[in-house]
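Below you'll find the structure, written out as structure tokens, and then a few comments.
Each chain gets a letter, A, B and so on, in the order the sequences are listed, and its residues count up from 1.
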Amino acid sequence: MSKAKKSFRPKARAPRGLRDQRGGQLQAERRMLDAIAGVYARYGFELLDTPAFEYADALGKFLPDQDRPNEGVFSFQDDDEQWLSMRYDLTAPLARFVAENYDSLPKPFRRYQWGPVWRNEKPGPGRFRQFIQIDADSVGAPTMAADAEMIAMMADCMDALGIARGDYVVRVNNRKILDGVLECAGLLPEASNYETQKLIVLRAIDKLDRLGADGVMLLLGEGRKDESGDYTKGAGLSPEQIEKVMAFTRAGAADRRETCANLRSAVGTSAIGLEGVEELQEIDRLLDALACGSDRAVFDPSVVRGLGYYTGPVFEVELVFEAENEKGEMTRFGSVGSGGRYDGLVKMFKGVEVPATGCSFGVSRLFAALEALGKTQTDAATGPVVVLVMDKDRAADYQVMTKELRDAGICAEMYMGGGGMRAQMKYADKRGAPLVVIEGEDERAKAEVTLKDLVLGERLSADISDNEEWRSGAQAQVSISRTGLVEGVQKMLMASDAFKGEG
RNA sequence: GCCGCCUUAGCUCAGUUGGUUAGAGCGCUGGAUUGUGGAUUCAGAGGUCCCCCGUUCAAGCCGGGGAGGCGGUACCA
């Protein structure tokens with residue numbers, strides 16, 4: 001006898017950095033999405049949806065000197081050999097949409113959009129290769145009013161999610177000021193290595209909160225070696241230049257106007273820098289008008305965001321409270337949303353500059369953050385009322401009961417499995433059913449049904465635990481007349497809702 | 001990408017100096033319980049010891065290579 005050859009079985013597992021979501025968690029995340037979408041809609045934005053993937057060149061992510069999309073994006077070739085890429089954000093598809101339909105769109109074009117985006121990067125806790133973003137953008141809106149609106153709207157979203165004032169803050173900066181500081185430090189845009197140096201300086205500033213002033217100064221100068229032995233090349237600035245940049249990062253104050261005053265001296269006589277400061281001053285006035293004070297939005301010179309992308313105001317929303325994670329450590333989640341002005345994006349398609357500004361929340365990340373911090377109200381996934389099948393020949397009777405409940409607006413199902421009563425109870429338990437409906441021989445003889453309150457039953461069992469009696473008496477159940485089924489179920493549901501309300 | 005640590009049951013992990021049949025807890029399935037989930041108790045199922053090559057009479061354990069995971073760092077539209 002030969003060994004039976006095992007047939008090939010694929011290993012059942014989700015791809016790295018991707019995940020399944022189900023039930024209560026999914027619904028909670030959806031509620032969060034709805035709350036943000038509701039705010040966007042009230043601000044007057046129009047809903048748009050675009051495809052999950054685009055022609056790769058439209059996303060603008062090609063490897064230099066190569067006919068192949070950049071790393072970081074998932075790509076594949078169409079049958080005509082054109083490269084297609086999964087979208088990695090919602091802004092690039094928007095630029096494509098606006099350029100394609102430019103003549104027929106109202107200008108400014110204000111739309112909001114949500115959906116999954118994909119990034120081929122190393123996944124981490126709360127960081128996936130597929131995640132949901134929800135964006136709002138104003139395309140063709142050149143004034144600071146559009147930027148101020150984005151900032152106030154992001155703050156309103158945090159309010160709408162029930163995050164307390166003081167637990168979040170929108171940090172705002174302006175790219176023009178960064179340019180001004182570099183100019184002030186003697187870095188000239190004409191220099192051949194200007195772009196490289198600027199990039200390094202921006203990255204260094206972005207790391208301020210993590211590395212501290214000393215680490216950033218190393219990055220601005222010679223470079224820095226981290227604990228793992230990895231070396232990061234510095235910008236090679238002189239001590240005087242470094243001091244100018246560091247002075248800029250210290251310009252932040254609790255009050256927006258005070259920050260503006262500090263920034264004004266940090267940019268010296270740089271025209272572009274002064275322009276940036278004036279823009280912030282205007283944003284400050286507009287935010288005041290929108291009832292968005294320094295408790296919700298501050299000016300923070302260390303905010304950098306998307307490097308080769310933003311051209312004016314940039315902002316990010318940060319959760320600033322700390323909470324204990326499952327390991328008992330105090331953690332804080334940083335940025336959960338961001339945005340800014342990108343006047344150059346549509347130019348890629350149209351050749352003319354179209355001023356635009358927008359904002360974006362990472363819904364998956366925001367949800368994961370709030371969940372990890374125990375700030376989500378995951379209303380313990382309430383399952384359906386389960387009608388037990390006590391007598392397999394009477395399935396039609398149970399279906400009638402189930403339909404009566406559904407017609408009364410109650411989520412209900414008849415047990416569809418093949419198990420006995422014990423298995424059916426376990427099933428109901430696992431589904432999170434609030435109660436089960438039992439109609440066996442005994443009940444039928446008396447034209448009754450038994451309702452068992454699973455929530456209450458669990459409560460009671462906790463008190464009786466060591467007593468074998470717990471099974472002898474039927475806990476938390478009542479028998480009612482068959483004709484009063486709907487009424488009886490409604491009554492029991494209300495009672496258990498009230499009970500949950502107490503807890 | 002770079003550095004470090006890790007990989008044994010569905011999950012969390014034990015596993016002696018290399019030595020017969022690889023274990024525990026939890027979970028799962030079933031019984032104790034004519035018709036009752038969560039307590040108790042008994043039983044059962046469940047394993048390519050990550051993969052490949054090598055050393056050895058003998059490898060979960062030793063050596064080499066690879067893959068995957070975790071942490072840090074870099075990048076991040």
Would you mind telling me which of A:Gln477, A:Glu439, A:Glu443 makes a side chain to side chain donor-acceptor pair (under 3.5 Å) with A:Thr450? A:Glu443

Roughly how many Å apart are B:G25 and B:G65, using the P atom of each and rounding to a whole number? 39 Å

Any donor-acceptor pair under 3.5 Å between the side chain of A:Gln424 and the base of B:U36? no

Looking at A:Glu121 and B:A77, is any side-chain donor or acceptor paired with a base atom of the opposite kind under 3.5 Å? yes

Using the C1' atom in both, what is the distance from B:G19 to B:U56, to the nearest Å? 12 Å

Have a look at A:Lys207 and say if it touches a base, only the backbone sugar-phosphate, or nothing, with a 4.0 Å heavy-atom cut-off. sugar-phosphate

With a 3.5 Å limit on both atom pairs, tell me what B:C70 is paired to, counting Watson-Crick and G-U wobble, or say none. B:G4

Do you see a donor-acceptor pair shorter than 3.5 Å between the side chains of A:Tyr427 and A:Arg431? yes

Pairwise C1' distance, B:A24 and B:G47 [rounded to whole Å]: 15 Å

Test side-chain contact (heavy atoms from CB on, under 4.5 Å) applied to A:Pro93 and A:Val98, A:Thr50, A:Asp135, A:Leu48, the passing residue: A:Thr50

If the P atom of B:G66 is compared with that of B:G60, how far apart are they to the nearest Å? 23 Å

Validation row, ring centre A:Tyr102 to ring centre A:Phe349 under 6.0 Å: no

Over all strands shown, is A:Leu59 touching base, sugar-phosphate only, or nothing at heavy-atom distances under 4.0 angstrom? nothing

Quick one: label A:Glu443 by what it contacts on the DNA or RNA (base, sugar-phosphate, nothing), any heavy atom closer than 4.0 Å. base

Could one point to a donor on the side chain of A:Lys122 or the base of B:G72 with an acceptor on the other under 3.5 Å away? yes

Whole-angstrom distance between B:A67 and B:G27, as gauged at atom C1': 29 Å

Taking B:U17 as the reference, what is the distance to B:A59 when you measure between their C1' atoms (whole Å, please)? 14 Å

Is the distance from OP1 or OP2 of B:A77 to the nearest side-chain N or O of A:Arg119 less than 4.0 Å? no

Less than 5.5 Å between centroids and less than 30° between ring planes, does A:Tyr309 satisfy that with B:A77? no

At less than 4.0 Å, is any side-chain N or O atom of A:Arg422 found next to OP1 or OP2 of B:G37? Yes or no. yes

Just checking A:Val436: base, sugar-phosphate only, or nothing, at a heavy-atom cut-off of under 4.0 Å? nothing

Does a side-chain heavy-atom distance below 4.5 Å link A:Met246 with A:Thr249? yes

